[in-house]
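Just so it is clear: chains get the letters A, B, ... in the order the sequence lines come, proteins before strands, and each one is counted from 1.
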Number of protein chains: 2
Amino acid sequence: MIRRIPSARERGIPDATVARLPVYLRALNGLAERGTATVSSEDLALAAGVNSAKLRKDLSHLGSYGTRGVGYDVQYLIYQISRELGLTQDWAVAIVGVGNLGRALANYGGFVSRGFRVAGLLDADPGVVGDRIAGLVVEHIDGLESVILNRGVSIVVIATPAAAAQQVADRVIAAGVTSILNFAPVVLTVPDGVDVRKVDLSIELQILAFHEQRKVTGGAMLPEDWAGEVG
Amino acid sequence: MIRRIPSARERGIPDATVARLPVYLRALNGLAERGTATVSSEDLALAAGVNSAKLRKDLSHLGSYGTRGVGYDVQYLIYQISRELGLTQDWAVAIVGVGNLGRALANYGGFVSRGFRVAGLLDADPGVVGDRIAGLVVEHIDGLESVILNRGVSIVVIATPAAAAQQVADRVIAAGVTSILNFAPVVLTVPDGVDVRKVDLSIELQILAFHEQRKVTGGAMLPEDWAGEVG
DNA sequence: GTCCCCTTGTGAACGGATGCACAAAGTGGG
DNA sequence: CCCACTTTGTGCATCCGTTCACAAGGGGAC
């Protein structure tokens, strides 16, 4: 009886690794542009800003794509990571909420260049509907479901005000979408099987402020803090 | 000899906890707006989208601010978390790069409402310099150092194209800035003691695409993937 | 073919984060 | 005052991710 050894792919790739693959991909693209043919884990790790052992372990989850004594073939590795991330196919994305942020996202070149195609811009404000942004005409939110179904949208970006985000999420999920990128400052409640990633601009600043404050006080406590320590 | 017991604050708060504090803060503000006076860890955890035990452990790092049998006083907890994060003071922020994203950030209300004041907008493009955005006039990048020094800027947001980001980082670090929020799709190289947080819009989409792809294939391998497995 | 050098891939130790389960502690009713 | 009830704060076991260190494997010189 032949028993296949479970491959890394079947056992699943750790989330932490998946989160770093796009970083490696970017570093590899930079190397490719400069004409580099092969790269060692040490050099690639440096370019990606990580530890080389971590890089090797991450890549080992995809398969054994390196050559001992030599390194990794840049083009081949780009292809393998792209395939693993699903970037070899075309993803149709709809952006809901065309305020300042929505506009910025629609114009962001980094999407298109990685297989993400903006297939629709939607907003509830009649003053915005009809505007032409990045080659697309903004449509009314009423058409959300039909845009998703007719254009094969599988990922929705929510860039609405906080108050509208949950309602939009409910609608797109009902229409079959299971991947949401949420920029609205609110915790979305979604059923199992739906992936939500959240980008919160002010949270990042708050985390920076915490560390900055620590630096200013030299990592120790401020005298005023002592008051509350005992009681 | 009096030996003080090291407080949680001195031993340092885990990074994972710090990253969640802003989320709790947002949930608490929501509760406060609806007039809630006290909240249990269970309810707050639900609103923040985390496990209640995790929430309690996180808060225990700040001190013992709850009342057993009752819960947490919403206003008091808001104050304590704000103080811990350093939000009770005013942070001057400069935004470098006033493209689509820079404009969106300048107009983003979530900054101002949390003690972050945009103290300067800078860009290298003469066509943009002089524009009025969110009540501020865009200044030329040449004045970067003087803006930082004269206006007490301690956090810099980089929203420039990738090619310019490292140079901007070098300059602001030389001017004494030690906290950077980087939106440019590039890994910044900075000396020890400088904090960089990175927000990468396309990386988030790529992570979603990975999971979306997995769903479509039912978590198993595609037949075409088998080809590469053996060789 | 053989030897040496280089780099990958991974076993193993370590450290930090998570979640359970419960003792400690405070509230309110009688 | 005492008891029953509620909820916090935390010890502990477990899991996941990181890092070290090295064996395994491939390339090139001679």
Side-chain angles (χ1 to χ4, degrees), chain A residues 5-9 11-21 23-24 27-28 31 36-74 76-77 80-81 84 207 228-229 231, chain B residues 5-9 11-21 23-24 27-28 31 36-74 76-77 80-81 84 207 211 228-231:
Chain A
I5 297 163
S7 73
R9 298 206 59 206
R11 282 187 281 103
I13 299 175
D15 286 346
T17 295
V18 173
R20 283 188 292 267
L21 290 180
V23 180
Y24 302 155
L28 285 164
L31 290 169
T36 309
T38 62
V39 66
S40 69
S41 64
E42 199 68 47
D43 291 348
L44 182 54
L46 190 69
V50 302
N51 179 297
S52 70
K54 193 192 291 187
L55 171 68
R56 287 198 299 276
K57 185 149 286 187
D58 282 344
L59 294 182
S60 76
H61 286 118
L62 311 190
S64 196
Y65 296 143
T67 305
R68 294 172 193 231
V70 178
Y72 300 90
D73 182 282
V74 172
Y76 186 58
L77 198 51
Q80 289 299 344
I81 294 179
E84 194 65 49
I207 295 171
E229 282 297 305
Chain B
I5 297 162
S7 73
R9 296 206 59 204
R11 282 186 280 104
I13 300 176
D15 286 346
T17 294
V18 173
R20 282 188 293 266
L21 290 180
V23 179
Y24 302 155
L28 285 165
L31 291 168
T36 309
T38 62
V39 66
S40 69
S41 64
E42 199 68 45
D43 291 349
L44 182 54
L46 190 69
V50 302
N51 177 297
S52 69
K54 194 193 290 186
L55 170 67
R56 288 197 298 276
K57 188 154 289 186
D58 282 343
L59 294 182
S60 75
H61 286 117
L62 311 190
S64 196
Y65 295 143
T67 306
R68 293 172 193 231
V70 177
Y72 299 91
D73 182 282
V74 173
Y76 186 58
L77 197 52
Q80 290 298 345
I81 295 179
E84 194 66 48
I207 296 171
H211 292 294
E229 283 296 305
V230 184

Original post:
Between A/L59 (CG) and D/dT19 (C1'), how many Å, whole number?
Top reply: 16 Å
Subject >> Spatial distance of atom CG (B/D58) from atom OH (B/Y24) [nearest 0.5 Å] >> reply: 3.5 Å
**OP:** Looking only at side-chain atoms of B/A16, point me to the closest of C/dC20, C/dA17, D/dT8.
**Re:** C/dA17
**OP:** Using whole Å, report how far CG of B/D15 lies from P of C/dT18.
**Re:** 11 Å
**OP:** Return the angle between end axes of the helix from C/dG1-D/dC30 to C/dG30-D/dC1, with five pairs used per end and rounding to 10°.
**Re:** 10°
Original post:
What's the CG-C1' distance between A/L55 and D/dT19, to the nearest Å?
Top reply: 14 Å
Original post:
In Å, rounded to the nearest 0.5 Å, how long is the span from OG1 of A/T17 to CG of A/L55?
Top reply: 10.0 Å
Subject >> Interatomic distance, B/D73 CG vs C/dT27 P [rounded to whole Å] >> reply: 13 Å
**OP:** Mind calculating the distance between NZ (A/K54) and P (D/dT18) to the nearest angstrom?
**Re:** 4 Å
Original post:
Would you say B/N51 reaches C/dA17's phosphate, i.e. side-chain N/O to OP1/OP2 under 4.0 Å?
Top reply: no
Subject >> Min side-chain heavy-atom separation B/I81-B/L59 under 4.5 Å >> reply: yes
Subject >> Between CG on residue A/D73 and OG1 on residue A/T67, distance to nearest 0.5 Å >> reply: 8.0 Å
Original post:
Nearest nucleotide by nearest heavy atom, which residue falls closer to the 5' end of DNA chain D, A/A53 or B/G66?
Top reply: B/G66
**OP:** Among D/dT19, C/dT8, C/dT18, find the nucleotide with the atom closest to the side chain of B/R20.
**Re:** C/dT18
**OP:** Would you kindly give the CD-to-P distance between B/E42 and D/dG9, to the nearest whole Å?
**Re:** 14 Å
**OP:** Using a heavy-atom cut-off of under 4.0 Å over every strand shown, decide if A/T17 touches base, sugar-phosphate, or nothing.
**Re:** nothing
**OP:** Output the distance between atom CD1 (A/I13) and atom CZ (A/R20), rounded to the nearest 0.5 Å.
**Re:** 12.0 Å
**OP:** Hey, could you give me the OH/CD distance between A/Y72 and A/Q80, rounded to the nearest 0.5 Å?
**Re:** 12.5 Å
Subject >> N or O in side chain of A/K57 less than 4.0 angstrom from C/dT10 OP1/OP2 >> reply: no
Subject >> Whole-Å distance separating the NE2 atom of A/H61 from the P atom of C/dG9 >> reply: 12 Å
Original post:
For A/Y24 and C/dT8, what is the distance between atoms OH and P respectively, to the nearest whole Å?
Top reply: 13 Å
Identify each atom pair where a protein N or O and an N or O of nucleotides 22-28 of chain D are less than 3.5 Å apart, giving names and distance.
from	atom 1	to	atom 2	distance (Å)
D/dA24	N3	A/R68	NH1	2.6

Cut-off 3.5 Å, no hydrogens considered: what does the side-chain donor-acceptor table look like for residues 43-52 of chain A, sequence neighbours left out?
from	atom 1	to	atom 2	distance (Å)
A/N51	OD1	A/A53	N	2.6
A/N51	OD1	A/K54	N	3.4
A/S52	OG	A/E42	OE1	3.4

Subject >> Closest to the A/Y72 side chain, choosing from D/dT18, C/dA17, C/dG9 >> reply: C/dG9
Original post:
Considering heavy-atom distances to DNA chain D, does B/V39 or A/D58 have its closest nucleotide positioned more toward the 5' end?
Top reply: B/V39
